[in-house]
Number of protein chains: 2
Amino acid sequence: MSEQGSRAVGRAGAGRPGVPNATVARLPVYLRALHALADVGRTTVSSEALAEAAGVGSAKLRKDLSHLGSYGTRGVGYDVGELVHHISSTLGLGQRWSVVLVGVGNLGQALAGYGGFDDRGFRVAALVDADPARVGEVVAGLTVLPLQDLPRVVREQGVSIGVIATPATGAQDVCDRLVAAGVRSILNFAPAVLQVPPGVDVRRVDLSNELQILSFHEHRKAALADQVVSA
Amino acid sequence: MSEQGSRAVGRAGAGRPGVPNATVARLPVYLRALHALADVGRTTVSSEALAEAAGVGSAKLRKDLSHLGSYGTRGVGYDVGELVHHISSTLGLGQRWSVVLVGVGNLGQALAGYGGFDDRGFRVAALVDADPARVGEVVAGLTVLPLQDLPRVVREQGVSIGVIATPATGAQDVCDRLVAAGVRSILNFAPAVLQVPPGVDVRRVDLSNELQILSFHEHRKAALADQVVSA
DNA sequence: ACGCGCTTGTGAACGCGCGCACAAAGTCGG
DNA sequence: CCGACTTTGTGCGCGCGTTCACAAGCGCGT
Ligand SMILES: NC(=O)c1ccc[n+]([C@@H]2O[C@H](COP(=O)([O-])OP(=O)(O)OC[C@H]3O[C@@H](n4cnc5c(N)ncnc54)[C@H](O)[C@@H]3O)[C@@H](O)[C@H]2O)c1
Ligand SMILES: NC(=O)c1ccc[n+]([C@@H]2O[C@H](COP(=O)([O-])OP(=O)(O)OC[C@H]3O[C@@H](n4cnc5c(N)ncnc54)[C@H](O)[C@@H]3O)[C@@H](O)[C@H]2O)c1
């Protein structure tokens, strides 16, 4: 998580004893690999094979799965269907989550037209933009709504996740409006650090950050290579 | 980093003693905050203020900065310009990195037209696509090239970073071609786990993953709220 | 029925990263 | 020139996450 680094512990009645944060971040990867296996017709899979497909170590995978109480069968492996069910339910994918997308520009339009949402249990319920020229436009089968409709849309459509795809300048304002409307989970594509009250989760996806991290390693590799050459 | 979890240590001759991985991931955030401060005319900044702007604790920030040997002035703070220089050079932003973008679809076009690249020291050198109908098209001032031009483009344009924006199906193939062409740093938007030889870095940006992680926390918050109500 | 081989689940050790708290160091006013 | 105040740099303890290695468990063939 990006805000409080606390574990998702809580000892919720008879529920799970709490799933570590790092594990939660990997569950979607496992889930995707499992779906791929199911599509090929496999019904069981060993931790070794699944770990390979997910790009992690097998021990890590087993420990991750043990955290959500899901049991495999020793000597055989995990039942693919059962594991899909367990992980999905842990991630809260039993229900369809409604998403509101704010900022229908370059990126926003690509996101709106993206099919990968619906496949994974998410529904783009509405598109919102501040530009009066854009309001009323139809994008990906949805009419773009003005900002002031946000509270109503969130309420009527049962929206619980907000996606921000506006320039960095407007991001904090949009964020505040989303929070005011009752949204407690935000995915932020704008290169800005958002200030939110406790209880609200923000995940930031920053393309430039990723490139700069790559740049660092590339730089280091180049320096290392030069050193070897000069040696 | 997504592959080996090793620290960027190396004790490179007279160079830096090695910057922790977690620190590297935060440097771009600091850099952006510093640029914002510089734009407002500030010449110095305290760790407290910069930490606030970057959304981290001040102690963490100071420790991060100490790792790259950059010195502030006690009682005053850090010189904004100097810090920008130090961080930029650590990240390897002294030079302009050339990027090749593979997959000029929905997302690829948004990326190609994105201005945030050039601002941060990255140049989209070429666009590549497998679809013959798309090859020859001009997007964002660049002509879309066929896949087989990849080695030539990488060589001639000095490309060192590849961005994959193709469907998951073709991602591994594209990845292999990029690696074969000499690219050692890859940013992958396709929902697939890429297999790469050692020495190649892959960073994955998976939108669905992020949403599912948010979904988990939302789910947990809802369960917690219900519990409180029923109590 | 029984042992053999395979795979899970986990105990334990380790390393990394985080945050606290404070001494060192520099500035500024008098 | 000095003393008080501000802010950095970091030593240290702690908790999380990763990894190794192995005992426990299960199926299968005989
Ligand atoms: N385009 C990309 O490939 C890309 C990649 C990575 C990150 N980003 C980031 O995503 C964000 C959007 O990028 P883009 O290229 O789509 O920009 P864009 O300018 O094309 O679109 C921005 C949209 O947001 C709307 N908007 C502006 N202020 C608003 C506000 N206060 N409330 C609601 N809507 C508002 C604008 O009307 C416009 O439609 C930017 O922060 C950008 O840095 C973009
Ligand atoms: N559109 C989005 O908002 C979005 C969001 C998150 C992730 N993604 C992911 O990004 C990727 C691209 O999404 P998109 O919506 O742009 O898809 P798209 O179908 O619009 O575009 C894919 C492009 O890649 C090209 N392509 C296909 N196979 C290729 C190959 N082997 N080599 C080179 N080019 C090839 C196609 O010709 C097409 O132009 C997908 O993996 C998708 O899951 C998209």
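Residue numbers begin at 1 in each chain, while the letters A, B, ... track the order of the sequences.
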Judged by nearest nucleotide, the residue sitting upstream toward the 5' end of DNA chain D, B:Val76 or A:Asp64, is B:Val76
Taken in chain and number order and not counting sequence neighbours, the residues that satisfy side-chain hydrogen bond (donor to acceptor under 3.5 Å, both in side chains) with B:Asn188 are none
Here the distance between atom P of C:dG11 and atom NE2 of A:His67, to the nearest Å, is 11 Å
From NZ of B:Lys60 across to C1' of D:dT8 the rounded distance in Å is 18 Å
Taken to the nearest whole Å, CG/B:Asn21 to C1'/C:dC18 is 15 Å
Across all chains, not counting sequence neighbours, the ring pair (Phe, Tyr, Trp, His ring centres under 6.0 Å) partners of A:Tyr114 are A:Phe117
Taken to the nearest whole Å, CZ/A:Arg26 to P/D:dC16 is 15 Å
Notebook entry, point to check: Considering only heavy atoms from C-beta outward, does the side chain of A:Val56 approach that of A:Val29 to under 4.5 Å?
Noted result: no
Of A:Leu65 and B:Gly57, the one whose nearest nucleotide on DNA chain C sits closer to the 5' end is A:Leu65
- Message: Counting only side-chain nitrogens and oxygens, does A:Tyr78 get under 4.0 Å of the OP1 or OP2 atom of C:dG9?
- Response: yes
Residues in residues 43-51 of chain A with a heavy atom under 4.0 Å of DNA chain C, by number, are A:Ser46, A:Ser47
B:Tyr71 OH to C:dT27 C1', in whole Å, measures 20 Å
Donor-acceptor contact present, side-chain B:Gln172 to main-chain B:Gln195, <3.5 Å: yes
- Query: Base, sugar-phosphate, or nothing for A:Gly77, non-hydrogen atoms under 4.0 angstrom?
  - Reply: sugar-phosphate
Looking only at heavy atoms, the pair that brings B:Val159 and B:Val183 closest together is CG1-CG2, 4.3 Å
Report task. Report yes or no: does B:Ser215 contribute a side-chain atom to a donor-acceptor pair with the main-chain N or O of A:Leu91 at less than 3.5 Å? Result -> yes
Sequence neighbours excluded, the answer for ring pair (Phe, Tyr, Trp, His ring centres under 6.0 Å) partners of A:Phe189 is none
B:Glu82 atom CD is separated from D:dT8 atom P, nearest whole Å, by 14 Å
| Is there a donor-acceptor pair closer than 3.5 Å between any side-chain N or O of B:Glu48 and the backbone N or O of B:Ser58? | no
B:Glu218 meets the side-chain hydrogen bond (donor to acceptor under 3.5 Å, both in side chains) criterion, sequence neighbours left out, with A:Arg184, A:Ser185
Of D:dC26, C:dG26, C:dG17, the nucleotide closest to the side chain of B:Thr73 is C:dG26
Listed pairs, N/O of protein and of nucleotides 20-25 of chain C, under 3.5 Å:
| from | atom 1 | to | atom 2 | distance (Å) |
| --- | --- | --- | --- | --- |
| C:dA21 | N6 | B:Arg62 | NH2 | 3.4 |
| C:dA24 | N3 | B:Arg74 | NH1 | 2.7 |
| C:dA25 | O4' | B:Arg74 | NE | 3.3 |

